[in-house]
Each structure stands twice: as C-alpha cells, then as structure tokens.
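Down below is the structure, laid out as structure tokens.
Each chain gets a letter, A, B and so on, in the order its sequence line appears, and its residues count up from 1.
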Amino acid sequence: MTKLTENHIEKIYLFVQQHFVEWYDVQVELVDHLANGIEQQWLINNSVPFEEALRIEFKKFGVFGFQDLVEQKIKALNIIYRKEIWSCFKGCFVFPKAILIFFSVWFLCTLLNSIPEKMYVLIPLFVLLNVAYFYQIINLKRLIRHRKVKTGKQWLFDTSIIEMGGLGIIFNNMVHIHLFVSEDNWSSTINLLAAIAIVLFVLLFYVSTKTVPEKFKANFIKQYPEYNLAL
Amino acid sequence: MKNSSLYKGSLTTIILKLLSEHDKMYGYEITQKVKMLTKGAFKITEGALYPALHKLEAEGFLDVEVIKVGNRLRKYYKLTKQGVKETNNKITELEQYIATMRALVNPKFT
C-alpha cells in the first residue's frame with residue numbers, strides 16, 4: 001500500500017488552510033481524513049496523481065467544503081465553554097466559598113444603603129471590570145500572536161477563550177450599564193437585589209475569565225500536548 | 001440505497017453504537033465501517049459526520065484523544081460514561097421506532 005510522505009501531509013495542511021480552515025486543532029482531523037481517503041484511493045488505483053486524489057476527497061465534503069464543519073466546531077467549543085462556566089459558577093456556592101459570596105452581598109448592600117449616589121459605587125466598579133476584561137483580551141491576543149510567530153499555528157481553542165463561549169459580548173458592554181440605571185431613590189429591597197446581581201455578575205466574570213480558561217486549557221493540553229510546547 | 005435521508009435521523013445513534021463496540025474510533029474509520037456493515041447501502045458523508053461528532057463531544061457523550069500515527073496526528077473518539085447511557089437510550093428509541101414502522105408498513109390483521 002502506498003503511504004503519503006511528510007511532504008504530502010504538508011501539502012494537505014496547506015490545502016486545508018487555503019480552504020479557510022486556519023486553526024491547527026481543526027486542521028489535524030481534516031488532514032488525517034483526507035490522507036486516509038487518498039491512501040484508500042491508491043489502494044485501488046496507484047496511478048492517481050496526488051493532487052487529483054486530494055481534489056476527489058475534498059469534493060466529498062460537499063459544495064460548502066469545510067464551512068459547516070468549522071461552524072459546528074465553533075458552536076461545539078462554545079457549548080463546552082459555557083457548560084464549564086456553569087459548572088464552575090455552581091461550584092462557588094459551597095462552603096467555604098459561599099461565605100465570601102454572602103459577605104460580599106452584605107457589604108455591597110450596606111454600601112448601597114449608605115450612599116445616596118449609587119453611581120459613585122457602580123461606575124468605578126464596572127470601569128474596573130471593563131479594564132480587567134480588556135487587559136485579559138489584550139494579553140490573550142498577544143499570546144496568540146506570539147504563538148503564531150513561533151510555530152506558525154493558530155488554535156480555534158484560543159479564539160473560544162477570547163469569546164468566552166459567546167459570553168464576551170456581555171462583558172464587552174458592561175461599562176454602559178449606568179445608562180440603564182435610574183438615579184431615583186432606591187428602596188432597601190432594590191439595594192439588596194442590586195447587591196446580589198452585582199456580586200453574581202462579578203463572580204460570573206471571574207469564573208469566565210480566570211477559572212474556566214485554566215481548566216479548559218488543562219483539558220485541551222491533554223488532547224494536544226504540543227499546544228503547551230508552543231508557548 | 002438511494003434515499004439516504006431515511007438514515008439521517010439515526011446518524012448519532014449509528015455513531016454511538018459503533019463507538020460502543022470499539023474502544024475508540026477516528027472519523028474516517030467510522031465512515032468506512034458503516035460502508036462495510038451496510039455493504040455500501042449507507043454512506044456517511046464527511047459533511048454530516050464531523051458536525052455530528054463535534055456535537056456529541058460538546059454534549060459530553062464523547063471523549064477525544066489525539067495520537068501521532070505514522071507521519072500525522074489522528075483524533076480518536078471514545079464514549080464517556082454519559083455517552084454509554086445515551087447509547088443505550090438511543091438504541092432503545094430506535095428499536096421502538098423500527099417496531100412501530102414495521103407495524104405500520106406490514107400490519108398483521110387478526
């Protein structure tokens with residue numbers, strides 16, 4: 001049986017890349033599939049040229065090529081990410097972490113009760129969160145660029161971390177929250193509800209930007225050990 | 001079989017069932033196995049297989065392992081504990097569906 005050489009494999013990687021699959025973690029599976037198909041063709045007819053065999057295999061993916069596959073992969077990664085966020089978020093409501101959450105709610109509620117101008121509390125808090133969010137994004141993008149320069153590879157996994165499983169848009173717009181908050185006098189109940197909402201939001205932010213990426217990365221390195229080496 | 005749309009609704013069940021019979025499998029192997037078992041009557045298209053695999057992975061039914069085989073990397077899928085349960089549920093559902101269809105297509109009048 002005629003096997004593909006290293007050079008052929010390189011050519012398939014290039015082919016996949018030219019067909020709009022720029023992420024290495026998606027390319028790996030496609031390259032292996034196309035390579036298997038070509039080797040299977042050669043088993044039947046050894047004289048089919050490599051390029052022709054590759055074209056035949058690619059046609060099997062249909063008129064949209066790899067597009068559906070990539071879209072589904074992005075969707076799948078976002079689902080995995082959001083599930084992880086939910087699992088970590090729920091995990092915060094157990095002893096002793098839960099004590100810190102209740103204390104934060106009590107502290108914030110007391111603060112809101114004692115300050116008539118709520119914006120003095122809310123705006124600095126959301127600006128701080130926004131700065132933390134953009135710092136995280138810039139840092140991640142720098143890391144991705146560095147990785148690409150060093151290895152020539154991009155990972156879809158990194159993109160899903162930046163997008164936080166599709167939740168990034170919420171954090172991206174949080175600085176505008178004050179536009180929706182009324183300046184009227186707040187009752188104690190509203191202060192308590194606001195304190196709960198803010199603490200839960202900060203917790204969600206922390207889990208999405210800190211806890212989950214670390215856990216997600218550890219699982220991903222188990223699948224692709226070379227991801228870790230590419231730092 | 002020309003009308004493969006009849007099989008489409010059962011694609012995830014077919015994948016899960018095959019994986020339950022093997023320790024782990026890769027995408028191309030699944031397509032070939034189905035082709036062989038059905039004697040070419042049903043061919044899983046590449047455009048349907050991978051989205052289905054990625055969906056099952058996202059749902060927590062499959063675990064992934066990437067191994068270097070020869071001069072390239074290969075991505076293997078295997079069932080998780082949750083995946084084993086889901087396979088049993090899906091097969092039961094499919095068997096009930098087949099029984100219902102059989103009763104409709106070939107009713108026995110008593």
Under a 4.5 Å cutoff for heavy-atom pairs, which residue among A/Leu4, A/Leu77, A/Asp68, A/Asn78 has the most contacts with chain B?
A/Leu4

Top contributor to chain B contacts, counting heavy-atom pairs under 4.5 Å, from A/Ala76, A/Gly65, A/Gly62:
A/Ala76

Can A/Arg55 and A/Glu52 be counted as an ion pair, charged N to O under 4.0 angstrom?
yes

Would you mind telling me which of A/Gln223, A/Lys60, A/Glu29 has the largest number of heavy-atom pairs within less than 4.5 Å of chain B?
A/Glu29

Among A/Ile12, A/Leu30, A/Leu34, whose side chain to side chain contact (heavy atoms under 4.5 Å, CB included) with A/Glu57 holds?
A/Leu34

Honestly, the part of A/Lys83 sitting under 4.5 Å from a heavy atom of chain B is side chain

Let's go through B/Arg74 and A/Asp32 carefully: what are the C-alpha distance in whole Å and the side-chain angles of both, what is the deciding distance for salt bridge (Lys or Arg N to Asp or Glu O under 4.0 Å) to 0.1 Å, and is it a yes or a no?
CA-CA 6 Å; B/Arg74 180 161 292 163; A/Asp32 184 48; 2.9 Å; yes

Would you please test B/Glu86 and B/Gln82 for side chain to side chain donor-acceptor pair (under 3.5 Å) and show each step?
CA-CA 6 Å; B/Glu86 181 67 6; B/Gln82 210 185 329; over 6 Å; no

Does A/Glu39 pair with B/Arg72 as a salt bridge, N-O distance under 4.0 Å?
yes

Could you tell me which portion of B/Tyr76 (side chain, backbone, both or neither) has an atom closer than 4.5 angstrom to a non-hydrogen atom of chain A?
neither

Judged by modelled atom types alone, do B/Tyr26 and A/His33 share a side-chain donor-acceptor pair under 3.5 Å?
no

Which of the residues B/Glu59, B/His54, B/Gln32, B/Lys55 is involved in the greatest number of heavy-atom pairs with chain A at under 4.5 angstrom?
B/His54

With only heavy atoms counted, which part of A/Ile9 is less than 4.5 Å from chain B, the side chain, the backbone, both or neither?
side chain

Under 4.5 Å from any heavy atom of chain B - which part of A/Phe58:
neither

